[in-house]
Each structure stands twice: as C-alpha cells, then as structure tokens.
Amino acid sequence: MKVLVIGAGNMGLTYAKSIAKSGYLEREDLLVYDKSADLRDTLKKADDGFEVADTLEESLPFVDIIFLAVKPYHNDGLMSEMIEMMDDQKLVISIMAGVTIETIQQGLGIKKVVRAMPNLPAQVGKGMTSYLAAPEISRIELWMVEDLLNSTGKSVRVDSQMFIDASTGISGSGPAYVFYFMESMMEAAKSMGFSDNDSKVLVSSTFEGAIELFNKNKLSPNGWMKRVASKGGTTQAALDSLDDNNVKDLIHDAAYAAFNRAVELGKVEEQEAVEK
C-alpha cells in the first residue's frame, strides 16, 4: 500500500510524520507533496521518514490512498489537476473542513472517499478524529483507514456527514475553547499577582490533573464538581458565579456556532460544485 499526503501544512505534516513514526508503512510507501517548492526542499532536508514528491504526476498515479490536507478554497483547482490521474481503485481521505463526500466524488470522478475531521492535539499524538466512509469502501479498506487515522490519536466512525459537522463544533474546534478558558484563568492568576510562568504552571497543571481524574474514573463532570465543591465554600462560589453568568449556555451556543458554520461551508461547496 502506498500513501500520498497532498498539502504539507500543519495537519498534513502531522499525519505524514505520525504515519512514518507508527511504522505502518515503509519509507518509500509514504509520500508528501506540496505546491511550494521551498517547502518541499525544507522537507527533504528534514528527513522525517517519508519521501517528498516534486510533482503530482510522479506520485499520484502510483499510490493507493490519498490524504487531501489542503485548505477548502484550494480544493477546486487541486481536484481539476488530479482528476486525469485518478482511477476507481484509489481511496481519498479528506480533512478539508466543510467539503462533502459528494463534492469530492464528483470532483475526482471516484467513489471511495472518507471525510475526516481531526483536531490540533493530533500534533502530539492526542488527536480526536471523527470520520465517515462512503459505502463503496470495503471492510479491509476501513481497517487501513482507521490505522492511518489512529496514528495521531483516536478515531470514531460516525453515521452521517451531519455528525462530521457536529464534531467540528465539539472536538474539531474544541481545543480553542479550552485554550480560551485557560487564557482567562491565567489572566485572573496574573491579576492576583502571580508571574506569567507561575500562572501558566498553575493553570496547565490544573487542566492536566482534572482530565487525568476524569479519564480514570466513571464519575461525570458534575460528580467531580460535587467532590471539589463544598456548601458555602470557595469552589461553590466560583460555580455559582459561572451559573449566574450563564457560562454553560454560552459554551453550548459557541459549539453550535461552529457546527452551523461547518454546515454553511458545506452548502457553499456543494453549490459551487453544482454551478460548475
């Protein structure tokens, strides 16, 4: 099996490096292509365990699985360049936000398409990827897809593209919500007199510890809150303030805002595909 990653941005390189480290493929069976000649030269010097292709013509016709890891607005031009080199047996894994399976099938003239939504922690092997596979993909091919996706962390197969858009609002965009909360806590710590470094350690260690507790116990988040808080205590005062300011509702609304935007992007892509 040969794999080509098209697009050497953050997520494309994350998958390429993670697959290389997993040992799932031999070096010569994992290729990366980017339209930037300077970036290709940099990747060749870095020697991260994969081959770097200088053109699509020298790589695309000879691979079995293709990762599309480019920005959504590049997809039309890229697919028009790719289509003449595609065949029915090639399988495409797309991590382009908002681009539907049908758009890719139509744009590339193939049926075997997987739409995946990874997130930023994939860069440190703690990623969460949701994915949906077209029905033409076999069980054996699904196993291969899962192995590739799981090289960056964990994956979950969903039943419809609606859940891909929904996972965009939860796991895809979710790390930004966590960073937003962390930043707010760090700013509060600094306003209380802590140094920048101490504020970072206090907050990051708190998050790390809380997540470890949650993952190693069956208690719900609410159950853990009850263990930390005591009636009339400091933690309860903080939780009451969050409730009084409807923070839970605001987080819920934020997640839905990301979800709805993902749906909108998908509709735009579909409409543009129809018009062409």
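Under a 4.0 Å N-O distance rule, the pair Arg27/Asp47 qualifies as a salt bridge. For the pair Asp29 and Lys2, the salt-bridge criterion is met [side-chain N within less than 4.0 Å of a carboxylate O]. Salt-bridge check for Lys248 with Asp243: failed, with every basic side-chain N at 4.0 Å or more from each acidic carboxylate O. A salt bridge links Asp165 and Arg115; the closest N-O separation between the charged side-chain nitrogens and carboxylate oxygens is under 4.0 Å.
Ala8 and Leu43 get closest at one heavy-atom pair: CB-CD1, 3.7 Å. Heavy-atom minimum distance, Val158 versus Ser130: CG1-CB, 4.2 Å. Taking all atoms of both residues into account, the shortest heavy-atom contact from Ser199 to Lys190 is OG-CG, 3.2 Å. Residues Asp34 and Gly9 share a closest heavy-atom pair of OD2-N, 4.4 Å. For the pair Ala53 and Tyr33, the tightest heavy-atom approach, listed with the atom from each and the gap, is O-CD1, 3.4 Å. Here the shortest heavy-atom pairing between Val92 and Met86 reads CG2-CE, 3.8 Å.
At least one side-chain heavy atom of Ile66 sits less than 4.5 Å from a side-chain heavy atom of Ile6. The shortest distance between side-chain heavy atoms of Phe67 and Met11 does not fall below 4.5 Å. Proximity of Met128 to Val156: side-chain heavy atoms (C-beta onward) are separated by under 4.5 Å at one or more points. The shortest distance between side-chain heavy atoms of Thr129 and Thr152 falls below 4.5 Å.
No donor-acceptor pair closer than 3.5 Å links the side chain of Asp198 to the backbone N or O of Ser195. Panel note: side chain Asn119, backbone Gly127; no donor-acceptor pair is recorded below 3.5 Å. No donor-acceptor pair closer than 3.5 Å links the side chain of Gln105 to the backbone N or O of Val113. A distance-only check finds a donor-acceptor pair linking the side chain of Glu141 to the backbone of Ser138 [under 3.5 Å]. A donor-acceptor contact shorter than 3.5 Å links the side chain of Asn260 to the backbone of Tyr256. In this structure, Ser167 contributes its side chain and Ile170 its backbone to no donor-acceptor pair below 3.5 Å. At least one donor-acceptor pair under 3.5 Å links the side chain of Tyr177 to the backbone N or O of Gly169. Within the 3.5 Å criterion, the main-chain N or O of Val63 finds a donor-acceptor partner in the side chain of Lys90.
For Asn150, the side-chain contact (heavy atoms from CB on, under 4.5 Å) partners are Glu146, Ser155, not counting sequence neighbours. With sequence neighbours left out, the side-chain contact (heavy atoms from CB on, under 4.5 Å) criterion links His74 to Lys35, Val70, Lys71. The salt bridge (charged side-chain N to carboxylate O under 4.0 Å, His left out) check on Lys21 picks up nothing, with sequence neighbours excluded.
For the atom pair CG (Asp54) and OG (Ser59), the distance works out to 9.0 Å, reported to the nearest 0.5 Å. With values rounded to the nearest 0.5 angstrom, Arg157 atom CZ is found 12.0 Å from Leu149 atom CG. With values rounded to the nearest 0.5 angstrom, Glu51 atom CD is found 11.5 Å from Glu26 atom CD. Rounded to the nearest 0.5 angstrom, Ile93 CD1 and Ile104 CD1 are separated by 11.0 Å. If you take CZ on Phe194 and CE on Met186, they are separated by 12.5 Å, rounding to the nearest 0.5 Å. With rounding to the nearest 0.5 Å, the separation of CE in Met162 from CG in Leu132 is 11.0 Å.
Both Ile164 and Met96 belong to a common hydrophobic cluster when Ile, Leu, Val, Met, Phe, Trp and Tyr are linked at side-chain heavy-atom distances under 4.5 angstrom. Following chains of ILVMFWY side-chain contacts shorter than 4.5 Å, one can reach Val5 starting from Val145, so the two form part of one hydrophobic cluster. Linking Ile, Leu, Val, Met, Phe, Trp and Tyr residues whenever their side-chain heavy atoms come within less than 4.5 Å places Phe181 and Val178 in a single cluster. With hydrophobic clusters built from ILVMFWY side chains whose heavy atoms lie under 4.5 angstrom apart, Leu31 does not share a cluster with Val3. Both Leu91 and Tyr24 are part of a single hydrophobic cluster, where members link through side-chain heavy atoms under 4.5 Å apart.
Within a 6.0 Å sphere centred on NZ of Lys44, other residues, nucleotides and ligands contribute more than 12 heavy atoms. Other residues, nucleotides and ligands contribute more than 12 heavy atoms inside 6.0 Å of the CD atom of Glu28. Within a 6.0 Å radius of CZ in Phe179, other residues, nucleotides and ligands contribute 12 heavy atoms or fewer. Other residues, nucleotides and ligands contribute at most 12 non-hydrogen atoms within 6.0 Å of the CZ atom of Phe163. Annotation: Glu57, atom CD; neighbour count of heavy atoms from other residues, nucleotides and ligands within 6.0 Å is above 12. Within 6.0 Å of CD in Glu187 there are more than 12 heavy atoms belonging to other residues, nucleotides or ligands.
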Item to check | Stepwise side-chain contact (heavy atoms from CB on, under 4.5 Å) test for Leu239 and Leu242 | outcome: CA-CA 5 Å; Leu239 294 176; Leu242 293 171; 4.3 Å; yes
Checklist entry - Under the side-chain contact (heavy atoms from CB on, under 4.5 Å) criterion, do Met79 and Gln106 qualify, and how do the steps go? => result CA-CA 10 Å; Met79 289 195 293; Gln106 181 177 342; over 6 Å; no
Next on the checklist: Under the criterion side-chain contact (heavy atoms from CB on, under 4.5 Å), I'd like the reasoning laid out for Phe214 against Leu219: C-alpha separation, chi angles, the key distance, then a yes or no.
Outcome noted: CA-CA 7 Å; Phe214 179 70; Leu219 273 180; over 6 Å; no
Checklist entry - Do Ser241 and Asn245 pass the side-chain contact (heavy atoms from CB on, under 4.5 Å) test, and can you show the C-alpha distance, the side-chain angles, and the key distance before you say yes or no? => result CA-CA 6 Å; Ser241 176; Asn245 286 284; 3.6 Å; yes
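In this structure, a donor-acceptor pair under 3.5 Å is absent between the side chains of Tyr131 and Ser94. No side-chain donor from either of Ser151 and Ser18 sits under 3.5 Å from a side-chain acceptor of the other.
Shown are Leu60, Leu56, Asp76; of these, the side-chain contact (heavy atoms from CB on, under 4.5 Å) with Glu81 is made only by Leu56.
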